[in-house]
*Asks:* 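Would you mind keeping the following structure in view while I ask a few things?
Worth saying up front: this structure is predicted, and the values here are computed from it rather than measured. We use all heavy atoms of the structure for the numbers below, so side chains are in, but hydrogens, waters and symmetry mates are not. The first residue of the sequence shown is numbered 1, and numbering continues consecutively from there.
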Amino acid sequence: MLDVRPTDIPDVRIVTPRRFVDHRGSFSETYNRQRFLDAGIDVEFVQDNHSLSREVGTVRGLHFQIGPFAQAKLVSVLRGRILDIVVDLRKSSPTYGRHVPLELAAETGQQLFVPVGFAHGFCTLEPDTEVAYKVSAYYSPEHDRGLAWDDPDLGIPWPVRPESAILSDKDRTHPRLADLTAYFP
């Protein structure tokens, strides 16, 4: 059983696998291609990624890849909690430039499906947070791009002040949306 619900941007979906709980703990089937197909998510994932962020306030993103290595993602939290953010970069979309914030936690088991054409990032809300995500295209440094996480025009409600955020050097230099090439028409 798989519960799939749209967000404020319908192509971005919250996926909640059924969780079986007993005295030992819990079990859930986090991915089953046929169940995803039945739910209208026809994506072939080719790579799994895993990140560990030691400190609260670690921001990773906003990342995306361009064609021919553009990626859809299925994001899960294995330990801890995050504020997950996706931004619509599809220039012809009525939701272009809008974002969806969603808190994901290991405790709930919810996942976020991010289609091609969106920038993705998150901020950790607990120490030692682990995030796993499936992607539909292999990592390609030549096609790797980013969007300024703190672009004021996006109005993202990050739970950390810019001066307190823990970022990679690369994530400090991404362009604002107004300066971004239209990679997704």
Side-chain angles (χ1 to χ4, degrees), residues 2-16 36 39-43 45 49 51 53 57-77 81-105 108-125 129 131-137 139 143-168 170-185:
L2 192 63
D3 180 38
V4 178
R5 297 180 186 198
T7 64
D8 290 342
I9 300 176
D11 293 337
V12 177
R13 297 182 214 137
I14 300 167
V15 178
T16 307
F36 273 70
I41 300 174
D42 185 6
V43 174
F45 294 109
N49 298 323
S51 72
S53 299
T58 299
V59 175
R60 294 181 183 262
L62 297 160
H63 303 144
F64 62 96
Q65 284 193 175
I66 59 171
F69 290 92
Q71 297 175 324
K73 297 179 180 180
L74 181 63
V75 183
S76 305
V77 175
R81 288 182 311 124
I82 62 173
L83 178 65
D84 206 330
I85 303 287
V86 294
V87 178
D88 192 347
L89 300 179
R90 303 168 301 169
K91 198 74 169 173
S92 61
S93 169
T95 57
Y96 173 75
R98 286 187 32 209
H99 66 275
V100 171
L102 179 68
E103 186 174 307
L104 293 178
T108 68
Q110 284 187 323
Q111 302 170 315
L112 187 65
F113 174 71
V114 182
V116 167
F118 287 77
H120 171 258
F122 62 86
C123 180
T124 57
L125 302 173
T129 292
V131 175
Y133 54 100
K134 296 180 165 309
V135 293
S136 63
Y139 174 69
H143 300 87
D144 187 31
R145 300 290 187 276
L147 175 64
W149 74 281
D150 58 349
D151 181 343
D153 294 338
L154 297 176
I156 296 172
W158 293 105
V160 63
R161 293 186 322 267
E163 64 274 9
S164 301
I166 300 164
L167 295 149
S168 70
K170 181 175 107 173
D171 285 347
R172 293 182 189 282
T173 62
H174 295 309
R176 293 173 59 164
L177 184 65
D179 301 321
L180 194 67
T181 300
Y183 294 112
F184 304 100

*Asks:* Which value, rounded to the nearest 0.5 Å, describes the distance between Ile14 atom CD1 and Leu112 atom CG?
*Replies:* 7.0 Å
*Asks:* In Å, rounded to the nearest 0.5 Å, how long is the span from CZ of Phe36 to NZ of Lys134?
*Replies:*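 Taking CZ in Phe36 and NZ in Lys134, the distance rounds to 8.5 Å.
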*Asks:* Return the minimal non-hydrogen interatomic distance between Pro159 and Leu83, and the atom names on each side.
*Replies:*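 Looking at all heavy atoms of both residues, the closest pair is CD-CD2, 3.6 Å.
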*Asks:* Is Thr58 reaching over with its side chain to a backbone N or O of Ile166, donor-acceptor style, under 3.5 angstrom?
*Replies:*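 Side chain of Thr58 to backbone of Ile166: no pair is present.
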*Asks:* For residues 64-73, which residue pairs pass the salt bridge (Lys or Arg N to Asp or Glu O under 4.0 Å) check, not counting sequence neighbours?
*Replies:*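 Salt bridge (Lys or Arg N to Asp or Glu O under 4.0 Å) check on residues 64-73 returns no pairs.
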*Asks:* Please assess Val87 against Phe64 for the test side chain to side chain contact (heavy atoms under 4.5 Å, CB included), listing each intermediate value before the final yes or no.
*Replies:* CA-CA 10 Å; Val87 178; Phe64 62 96; over 6 Å; no
*Asks:* Counting neighbours of CG on Asp8 that are heavy atoms of other residues, nucleotides or ligands and sit closer than 6.0 Å, is the number greater than 12?
*Replies:*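 At most 12 heavy atoms, drawn from other residues, nucleotides or ligands, come within 6.0 Å of this atom.
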*Asks:* Within the side chain of Trp149, is there an N or O that forms a donor-acceptor pair under 3.5 Å with the backbone of Trp158?
*Replies:* no
*Asks:* If I compare all heavy atoms of Ala70 with all of Phe184, which pair ends up nearest, and what's the gap?
*Replies:*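 Reported closest heavy-atom pair: CB-CE2, 4.0 Å.
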*Asks:* Would a 4.5 Å heavy-atom cut-off, applied to side chains only, mark Ser76 and Leu104 as touching?
*Replies:* no
*Asks:* Taking the side chain from Asp171 and the backbone from Gly61, do they hold a donor-acceptor pair closer than 3.5 Å?
*Replies:* yes
*Asks:* Find the distance between CG (Leu177) and CZ (Arg98) and round it off to the nearest 0.5 Å.
*Replies:* 13.5 Å
*Asks:* With sequence neighbours excluded, what pairs up with Asp150 under the side chain to side chain donor-acceptor pair (under 3.5 Å) test?
*Replies:* none
*Asks:* Classify the ring geometry of Tyr133 against His120: parallel below 30°, tilted from 30° to 60°, perpendicular beyond 60°.
*Replies:* tilted
*Asks:* Taking atom OG1 of Thr129 and atom CZ of Phe122, what is their separation to the nearest 0.5 Å?
*Replies:* 8.0 Å
*Asks:* Does some side-chain heavy atom of Val100 sit less than 4.5 Å from a side-chain heavy atom of Phe118?
*Replies:*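 The answer is no, as the side chains (C-beta and beyond) never meet within the 4.5 Å cut-off.
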*Asks:* Please report the interatomic distance CZ(Arg5) to OG1(Thr16), rounded to the nearest 0.5 Å.
*Replies:*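 Spacing of CZ (Arg5) from OG1 (Thr16) equals 7.0 Å.
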*Asks:* Checking side chain to side chain contact (heavy atoms under 4.5 Å, CB included) between Val131 and each of Val75, Asp84, Asn49, which is the one that passes?
*Replies:* Val75
*Asks:* Under the side chain to side chain contact (heavy atoms under 4.5 Å, CB included) criterion, do Arg90 and Thr95 qualify, and how do the steps go?
*Replies:* CA-CA 8 Å; Arg90 303 168 301 169; Thr95 57; 3.7 Å; yes
*Asks:* Side chains of Leu147 and Leu89: closer than 4.5 Å at any heavy-atom pair?
*Replies:*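 A side-chain contact exists here, since the closest heavy-atom pair is under 4.5 Å.
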*Asks:* Return the minimal non-hydrogen interatomic distance between Ile82 and Thr124, and the atom names on each side.
*Replies:*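 Heavy-atom minimum between the residues: CG2-CA, 4.2 Å.
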*Asks:* Do Ile41 and Val15 make a side-chain contact, defined as non-hydrogen atoms from C-beta onward lying under 4.5 Å apart?
*Replies:* yes
*Asks:* What heavy-atom pair brings Ala165 and Val59 nearest, and what distance separates the two atoms?
*Replies:* CB-CG2, 4.0 Å
*Asks:* For Asp153, what residues pass the side chain to side chain donor-acceptor pair (under 3.5 Å) criterion, not counting sequence neighbours?
*Replies:*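 Result, side chain to side chain donor-acceptor pair (under 3.5 Å) vs Asp153: Arg176.
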*Asks:* Counting C-beta onward and ignoring hydrogens, is there a side-chain heavy-atom pair between His99 and Pro157 closer than 4.5 Å?
*Replies:*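 Yes, side chains in contact.
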*Asks:* Closest approach of Gln71 and Ala137, non-hydrogen atoms and distance?
*Replies:*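 Distance-wise, the nearest heavy atoms are NE2-O, 2.8 Å.
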*Asks:* As an exercise, state the distance from CG of Leu2 to CD of Gln111, rounded to the nearest 0.5 Å.
*Replies:*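 Interatomic distance, Leu2 CG to Gln111 CD, rounded to 0.5 Å: 7.5 Å.
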*Asks:* Under the 3.5 angstrom rule, does the side chain of Thr181 hit a backbone N or O of Tyr183 as a donor-acceptor pair?
*Replies:*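 Flag not set: sc Thr181 to bb Tyr183 has no pair under 3.5 Å.
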*Asks:* Does any non-hydrogen side-chain atom of Ser168 lie less than 4.5 Å from one of Arg60?
*Replies:*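 In short, these two side chains do not touch, never coming nearer than 4.5 Å.
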*Asks:* Looking at every heavy atom in both Leu62 and His174, which two are closest together, and how far apart are they?
*Replies:* O-CD2, 4.3 Å
